[in-house]
Novice: 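Here it is: the structure, laid out below.
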Amino acid sequence: MPYVYLSVALDLPLPRSFDYRAPAGVTGVGERVIVPFGRQTLSGVVLAVSDVPPDFPKLKDIAEAPADLPALPADVMALCRFCADFYAAPLGMVLAAALPAALRQPRPWAGDGTHWHWQAVDADGLLARLSPRARKQRQLAELLRTPQAREAVRDVAGDALRWLGEWQASGDVVAVAPVRAGGVPRQVALPALNAAQAAAVTAVDAADGYAAFLLYGVTGSGKTEVYLRTIAARLARDEQVLVLVPEINLTPQLEARFRARFPDEAIVSLHSGLADGERTRNWLQAARGDARIVLGTRLAVFTPLPRLGLIVVDEEHDGSYRQQEGVRYSARDLAVWRARDRKLPVLLGSATPSIETWKNASEGRYTRLDLPVRAVAGAVAPTLELLPTGRIALQDGIHPLALERLRATLARCGQALVFINRRGYAPVLACNECGWVSNCKRCEARLVLHLGDRRLRCHHCGFECTIPAECPDCGNADLKPLGQGTQRIEDALAARFPDTPPLRIDRDNTRRKGSLEAMLAQVHDGRVRLLVGTQMLAKGHDFANLQLVVVLNADAGLFSVDFRAEERLFAQLLQVAGRAGRAGQPGQVLIQTRYPEHPFYAALLAGDYAAFADEQLATRRELLLPPCAAWLMIRAEAKRIETALAFLNALRGALAGQGVQAMTPIAATMSRKAGWERAQLLVTAPTRGPVVAAASHLAELLVAKPPKGVRWVIDVDPQDV
DNA sequence: AGCACGCCGACT
DNA sequence: GTCGGCGTGCTC
């Protein structure tokens, strides 16, 4: 039997591939193989096929070539190679990250990847046999008069999929192949474009080959409409479109909007919140070219799309495009690389572009498309106002004027949001007598007081304990909560506004699946008019009647060691502000600050992000900070900081002569976390080349000779300092 | 990463 | 006398 020899990338932290023998013809480059490895069995991706046997005496045969995915196309392989090289990650790990979990298992995938639809053979006959009391079953039978996707069936009731299985077995329901949309998409509810939107659409449509666009426009300026129009133009050429969004909880809203616009289109979403089966089916639909629109989070950037014609990155500045575990890639940067490689336009949208993107736009590498006008019906710019807190007595952490405005807003039946980026009741519990504070034993952080279940919690390592009745050091029984968290603000507002009880929305009470949606529904139908929330509420959710936003602790971002903190604060505050004033009246945004004179607030109040970004960029140029220099961060943790620092110092030595500057290793911002002491080594160079080379040099070194008792991470182009 | 093999302390 | 600690070495 003729054999071929495969080079296979495995999901291991090793920067090399392994060779196997396989019968000729059963597999090819980009396909999945299941192979024996030591005494385990692993899934891998074929990198190369050769007729020449490698010089390795213990060569093994592959176990299986499951052929359950279409071979990863050359462009996805190239993207993964680039990602592996740039971020100093093993190629096998990148390829594993590119596949849905079911196609990473060392066994063939049982599903066939088709999004079958289901239809009743004789709906009336089925209904006649159902009990009149089985309301949900009858509802499902009614629905199945027309073909329904699995997900639509599932949404009817918890047991709906089981009934479907039974009805299929009894022959009442059959699977039908979904119709694949093609050619010019049918669009409904097409709003008129303003001049800026029309110009943007024209520019993107005219792109032939690679072109990067920055779609720069505030909330309500109609960015989504521009996406929809350019997408329609690509669909009309029967191309596929990849749309990246930052967070899972944003996908349903945007997905609904896309479905409403393109009712006949198979729109497929890809994010980590999907069940394995659904994600795999969606991925395969995209990879086979059956779905023309893919809407996904960062992991979707690797999706094979044979007829890809456009990539959209919404909210391109958002930090969640950065993968922080395992392979540390930036999906936004990879999207731009992929667009260039495949010679396609890429559209980056933001009201507050990252300084990286801003630099590319101001130096002409990206074309800036401005949407200066609020295009969405009823959208009006919110008014921003500072509330200096230096000399005035706050009431439960809230400025009296803010309370007054809250009262007025609620009195005229408006909705109001109090924004505070701190969960819990109070960020720390302290003893007035001896100065004891609730420190975490394992982290360089405070234990946060949670009154709901009367516990102290560390938000960094998960440690928790009951609230001590008295000071552990001096026995004083009068321990005081210091500062405000969402729960304390909720309590304070509940006491002040008994007629309009506040609803708190933060991670503590939205852990359960669907609870966030349920809460948002209460806000949308007006049952709740006073909201207290964190970060979570800043993104994506539009509340039509929201008239007032009060921001309580913005200052935290002003004096950070991280040079990107101001940029993030600006984005966050504008995003929160953008929640207000969407129904005709201008929204009001009040920002409490102890530093009203800070230049940051002058820029914010001027509402001129462009001026702010120009200034930030000038500073970065002057101080040689990214993106005007290339950075690499080696993070290390050990039981003792000395071990971590010694390890980093040794690495620093290994970087001599590499054309990079390695700084002195220092303790990390949070120097202790979960019992590990942490340090970091910053490596810089004027350009990316030497930094990337240094990263792969170190990675090789560390894999060849792993340090004892030290955990390390190589972070190319770090986003947090 | 797994999972072996391989030499030194407290237990059936 | 064994069970078991995790140190280092290999996996095609």
Side-chain angles (χ1 to χ4, degrees), chain A residues 1-66 72 77 80-81 83-85 87-107 299 323-329 634-640 642-644 646-647 650-651 654 674-676 695-696 698-715:
Chain A
M1 185 172 4
Y3 284 104
V4 289
Y5 302 91
L6 313 175
S7 163
V8 177
L10 299 171
D11 183 11
L12 297 169
L14 302 174
R16 49 187 246 262
S17 58
F18 293 85
D19 299 325
Y20 289 89
R21 191 176 75 153
V26 306
T27 189
V29 170
E31 289 191 55
R32 196 162 97 85
V33 284
I34 292 162
V35 297
F37 186 76
R39 54 188 49 209
Q40 19 174 3
T41 303
L42 299 176
S43 166
V45 174
V46 177
L47 297 181
V49 180
S50 160
D51 295 329
V52 188
D55 181 21
F56 187 78
K58 286 184 274 175
L59 192 76
K60 289 184 182 171
D61 282 339
I62 64 164
E64 202 167 350
L72 291 177
M77 296 291 280
C80 290
R81 276 215 166 77
C83 180
D85 292 344
Y87 294 106
L91 180 55
M93 286 177 70
V94 178
L95 285 162
L99 295 176
L103 297 177
R104 251 180 266 161
Q105 302 313 122
R107 67 191 99 91
L299 53 90
Q323 169 78 37
Q324 295 287 17
E325 250 114 57
V327 185
R328 306 188 143 227
Y329 61 89
I634 326 291
R635 304 176 199 279
E637 46 186 49
K639 285 295 162 194
R640 288 174 57 245
E642 292 80 7
T643 316
F647 163 75
L651 286 191
W676 288 77
S696 70
L698 290 180
E700 215 168 293
L701 219 71
L702 289 169
V703 171
K705 220 159 25 99
K708 295 180 291 195
V710 180
R711 305 199 292 210
W712 53 270
V713 169
I714 291 178
D715 201 352

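In what follows, chains carry the letters A, B, and so on, assigned in the order in which the sequence lines appear, proteins first and then strands, with residues in each chain numbered from 1. Just so we're clear, the structure is a prediction, and the values are computed from it rather than from any experiment.
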Novice: Kindly confirm or rule out a cation-pi arrangement of A:Arg635 over A:Trp712, judged by NZ or CZ under 6.0 Å from the six-membered ring centre and within 45° of its axis?
Specialist: no
Novice: Between A:Asp11 and A:Arg104, does at least one N-O distance fall below 4.0 Å, as a salt bridge requires?
Specialist: no
Novice: May I ask you to say what A:Leu12 touches in the nucleic acid, namely base, sugar-phosphate or nothing, with a heavy-atom cut-off under 4.0 Å?
Specialist: base
Novice: Reckon A:Phe56 touches a base, only the sugar-phosphate, or nothing at all at heavy-atom distances under 4.0 Å?
Specialist: base
Novice: Tell me whether A:Arg21 forms a cation-pi arrangement with A:Tyr3, defined as NZ or CZ under 6.0 Å from the six-membered ring centre and within 45 degrees of its axis.
Specialist: yes
Novice: I need the full list of side-chain hydrogen bond (donor to acceptor under 3.5 Å, both in side chains) pairs touching residues 28-48 of chain A, with sequence neighbours left out, sorted by first then second residue.
Specialist: A:Arg32-A:Ser43, A:Arg32-A:Asp68
Novice: Do A:Val713 and A:Gln324 have side-chain heavy atoms sitting under 4.5 Å apart?
Specialist: no
Novice: Taking the side chain as every heavy atom from C-beta outward, state whether A:Val8 and A:Val45 have any pair of such atoms under 4.5 Å apart.
Specialist: no
Novice: Please classify the nucleic acid contact of A:Pro54 as base, sugar-phosphate, or nothing, using heavy-atom distances under 4.0 Å.
Specialist: nothing
Novice: Between atom CG in A:Leu42 and atom C1' in B:dA1, what is the gap in whole Å?
Specialist: 9 Å
Novice: Taking any atom under 4.0 angstrom from a heavy atom of chain A, which nucleotides of DNA chain C are the first and last to qualify, 5' to 3'?
Specialist: C:dT8 to C:dC12
Novice: Given 3.5 Å as the limit, does a donor-acceptor pair link the side chain of A:Gln323 with the main chain of A:Glu325, or not?
Specialist: yes
Novice: Heavy atoms only, 4.0 Å cut-off, all strands: where does A:Leu14 land among base, sugar-phosphate and nothing?
Specialist: base
Novice: Produce a footprint string for nucleotides 3-8 of chain B: one letter per nucleotide, 5' end first; B if the base is under 4.0 Å from any protein heavy atom, S if only the sugar-phosphate is, - if neither.
Specialist: SS----
Novice: Could you check, using the six-membered ring where one of them is a Trp, whether A:Tyr20 and A:Tyr5 have ring centers closer than 6.0 angstrom?
Specialist: no
